[in-house]
Structure formats: structure tokens, C-alpha cells
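These numbers come from the heavy atoms of this one structure, side chains and all, not from hydrogens, waters or symmetry mates. None of the values given here were measured: they were computed from a predicted structure.
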Amino acid sequence: MCHAFRVMAYQIYRIIHKPPKELVKTEDLSSNFVSLQDIQTAYAKFKQLFLIDNSTEFWDTDIKWFSLLESSSWLDIIRRCLKKAIEIIECLEAQNMSVLLLEENASDLCCLISSLVQVMMDPHCRTRVGFQSLVQKEWIMGGHCFLDRCNHLRQSDKEEVPVFLLFLDCVWQLVHQHPPAFEFTETYLTVLSDSLYIPIFSTFFFNSPHQKDTNMGRESQETQSKPLNLLTVWDWSVQFEPKAQMLLRNPLYVEKPKLDKGQRKGVRSTHQRQPSLPLTQSKSSPKRGFFREETDHLIKNLLGKRISKLINSSDELQDNFREFYDSWHSKPTDHHGLLLPHIEGPEIKVWAQRYLRWIPEAQILGGGTVATMSKLLEMMEEVQSLQEKIDERHHRQEALQAEAPSLLRNSVRLSSLFPFALLQRHSSKPVLPTSGWKALGDEEDLAKREDEFVDLGDV
């Protein structure tokens, strides 16, 4: 066991000390960033803006709605999360530095910031498959406490913090600002956020994979009941029909062109996905953390002396954030490269589809964005229908071409219309009628007329 811990610690060292990023910057998210208490308080105030019981309360809230929105600090927390992710990207891209994320429990803010960094840097994470893999890797396998943070059992109100919902809100800001860069839509994010609070999906129900395996993989000896069987949130067919699933796919997505084999050899991806593993400063809980107490002690002994000389504090590094941020936005946007959001005040908006879905918008001449999206979906359905017809006709032609040699081998009589029509023995009707047959079909049934045949039966 000790050898396994030593190998794992050595692999961590290799990841953070990989050239050319030989310098390491530490980001202590527990001390110089938003706290879980800040997120909990902000969301509680923000949520009250949408919980209206009567018309009197609605009008009282409507008069001071924007001031209440600002005082909740929810949008400000979203802005700070996006800014922190951009700061880390600046260290990785401009300064060639590795960034070591530190957190008390290593399963909340570490998951949030590392996921945002990967969405901004890796175009694969902006596809549906890539985003699903990101959530599974950073949040599910990363040990985020969904059971406590979502408070499914209504037993831990103090630990109820919408960290994953905050992450989805940050991703929505990116989707809203750069629609062609994402294969999924805001509806996909809205459905995912709704599924977070529906306790029928095993994906977002447990605090760790170990807890999931313990509760779902074994029969209860006390009650002799069957193992718990819950659905996975990624099986969208459980919730939606195929036509409704069209709303989850972005019709404006610009797919990356595929390269030939010769071009792939010379092209190397700038941002290679690496397995991320947040480290913790304090002793990890055996129930939640990545390492046990003895593992933490081993890592300190093994890595402490070798990394201490490479680690620089945040204050010692020059802050080139504004220069990096302005320089990127001054260039044309590459939807398959690095993607940074605007974080100025007016650019951070309320996720209306999730939070304001029950409040009807004012009537817009022409339908606005809703009508545009509906028209795009109709065009997508029409294109897919035409593609299916083309594919069906192509398969039918391939099948006929595959049958033609066998028909030729089995045929003993050839018509003068060969190779456009083949006749079987004792058959007077062509297998492949042409337009000429159809045009003359009303005047004379040429299929019944004996044509000149060459008997190849003895050949």
C-alpha cells in the first residue's frame, strides 16, 4: 500500500513539474476566494427574487428588483469565479506556470475552478460528450458531496450549497456569449440543473463513488431488500422523446473540421487534457477525501522538500491579468481554441430560462430569439429528414448493385435493354424498369411483348 501511495505522489509531482511549466503557483481557494458561506447566502437572497406568492408581493419586488438583484451578490460571485479561472489560464498560457489548487476539502471550489478552466481551454469539453466526461471526472469521481450540497435528505441545511449550480451558471455565461463554440444549448444546462434536484438519478445523489457503490451494489441484510436501482442522468431518452431531445443540441454549433491523416501527424494539440487531482492542505476525511491521513503525511515528506523551492506565492507574481484579458478580446474569436468570457458588469446576465421560466416575457414582434431558435430547429429537422432519404436511397442502390451480379449469373436471357433491364428465365417483366418503359406503358405493354433474346443456358 505504501508503494502505491509513493507512486501516486510521484505522478502528482511529475504533472506539476512538467516542462516548460517548471514554476508552480499556488491558489489557496479557501483563503483568498469566495467561501461556501458566501455562495450559500448569496443564492438564498437571489432565490427569493423568484419565489413570489401573490400579486402584491410581485409588484413590491418589481419596483426594486434590480437593486435586490445587486444586493444578493450572486452575479458578482459568478463574475469572480470566471475571473479566477481566467487568472489561472493566464498563468498557464502567458507565464508557462503550473497552478496548484488548494482547498480545505478539495471537492467544491477546486472542482468548480478546474472545470471552468478546462471548458475555456479545451474545445472537447464544449461538446456534449466532452462536457459529460468533464462532469464525471471532476465532480462525480472528484468526490463532490452532491447529497449534502443539494440536501436531498433535508438533514443538513448548513451544508446545502449550490456549488454545481454555480458552475452551470458560469458555463451558461460562456454559452450565452459564444453560442457557436458549444454543441449543447442553454436548454441542456437547464435540464441538467433541474436533474440535480430530482433525487431519482444516481449521478447527483451521493457524496462519493464509494457511497454509491456501498448503497447500490449490496443487498440490505437487515431488511432483505433488493439493491437500490437509480437511473443515470445522461440517458436523456428516459426524460424526453427524440423530438424533444433536439432542443438539447445547438444548431449554431460550428463543428471543427476533420483533418486528413497526413495533416494530423503534423498537428499537435496545444491544450492536452490531463487528469486533474486537487490537493488539500488539511487532513482529509477518510469518508470524503482523496487520501487518508498517512497518505497526506507521505505526500508532505516526499514532495515538501522538492516543491518548496519551486512554489511562489500569488503576491510575488506579476499580475498580467488585464493585459492578457484585453489582448485576447482584441483578436478574432477562435471557437475551437481558447475561449474567454466578458466579465464586465453588463455582460454577466441572469439565466432567464432557468430562473425566470415561469414569468412570461413581453410580447416581441416577430417572436425574438424563441422564434429564431424554433425556426432553426425546423430547418435542422428538414435537413435531417432529407439526409435520411438520401441515405435510404443510397442504401437501396447499393443493395441493387449487390444483387446485379447474382441476377446476371442466374439469368439465362438478356434483353436488348441490357444493362438497364435484366430478365430472369421464364420472366417477361423487366427487373429494372426505365423511364422509357414508364412513358410507353400506357400505349403498349412492352413487358408482355416478346423481344429478341439470346439463350445463354448452354454457355
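- A donor-acceptor contact shorter than 3.5 Å links the side chain of Thr127 to the backbone of Gly130.
- Judged purely by atom type and a 3.5 angstrom limit, Glu103 uses its side chain to pair as donor or acceptor with the backbone of Leu109.
- Looking only at distances, a side-chain donor or acceptor of His144 sits under 3.5 Å from a matching main-chain atom of Ser107.
- To the nearest 0.5 Å, the span separating CG on Leu82 from CD on Gln177 amounts to 8.0 Å.
- Here the side chain of Asp169 pairs no donor or acceptor atom with the backbone of Trp351 at under 3.5 angstrom.
- Using a 4.0 Å cut-off between a side-chain N of Lys or Arg and a carboxylate O of Asp or Glu, Arg126 and Glu183 do not qualify as a salt bridge.
- Electrostatic pairing of Arg80 and Asp38 does not count as a salt bridge here, judged by no charged N lying under 4.0 Å from a carboxylate O.
- Between Lys84 and Glu87, at least one side-chain nitrogen of the basic residue sits less than 4.0 Å from a carboxylate oxygen of the acidic one, meeting the salt-bridge criterion.
- Between Leu196 and His152, the shortest heavy-atom distance links the atoms O-CE1, 3.1 Å.
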Practice task
Check step by step if side chain to side chain donor-acceptor pair (under 3.5 Å) holds for Gln245 and Ser237.
Solution key: CA-CA 8 Å; Gln245 294 183 41; Ser237 60; 5.2 Å; no
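- A donor-acceptor contact shorter than 3.5 Å is absent between the side chain of Arg357 and the backbone of Ala352.
- Using modelled atom types, no side-chain atom of Asp148 and backbone atom of Asn207 make a donor-acceptor pair closer than 3.5 Å.
- Checked against Arg149 for a side chain to side chain contact (heavy atoms under 4.5 Å, CB included), the options Val161, Ile39, Leu165 give a single hit: Val161.
- Here the side chain of Trp172 pairs no donor or acceptor atom with the backbone of Arg354 at under 3.5 angstrom.
- Between Trp236 and Trp234, the two ring planes are perpendicular [angle over 60°; tilted spans 30° to 60°].
- Distance alone, capped at 3.5 Å, places no donor-acceptor pair between the Ser73 side chain and the Ala42 backbone.
- Rounded to the nearest 0.5 angstrom, Asp76 CG and Ser71 OG are separated by 11.5 Å.
- Annotation: Arg154, atom CZ; neighbour count of heavy atoms from other residues, nucleotides and ligands within 6.0 Å is above 12.
- Remark: side-chain polar atoms of Thr203 are paired, donor with acceptor, to backbone N or O of Val233 under 3.5 angstrom.
- Residue Leu49 holds its CG atom at 6.0 Å from CH2 of Trp65, rounded to the nearest 0.5 Å.
- Rounding to the nearest 0.5 angstrom, the gap separating the CD atom in Glu104 from the CG atom in Leu29 is 12.0 Å.
- The number of heavy atoms from other shown groups lying within 6.0 Å of CD (Glu344) is above 12.
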Practice task
Would you sort out whether Thr190 and Glu186 count as a side chain to side chain donor-acceptor pair (under 3.5 Å), showing the intermediate values?
Solution key: CA-CA 6 Å; Thr190 303; Glu186 68 167 338; 5.2 Å; no
Practice task
Could you walk me through whether Ser115 and Glu138 pass the side chain to side chain donor-acceptor pair (under 3.5 Å) test, one step at a time?
Solution key: CA-CA 7 Å; Ser115 299; Glu138 295 293 335; 4.7 Å; no
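- Not less than 6.0 angstrom separates the ring centroid of Phe182 from the ring centroid of Tyr188.
- Remark: the backbone N or O of Ile343 is paired with a side-chain donor or acceptor of Tyr325 at under 3.5 angstrom.
- The ring pair (Phe, Tyr, Trp, His ring centres under 6.0 Å) test with Phe204 singles out one residue from Tyr197, Phe146, Trp139, and that residue is Phe146.
- Heavy atoms of other residues, nucleotides or ligands lying less than 6.0 angstrom from CE of Met379 number 12 at most.
- Taking CE of Met246 as the start and CD of Glu381 as the end, the distance is 5.0 Å to the nearest 0.5 Å.
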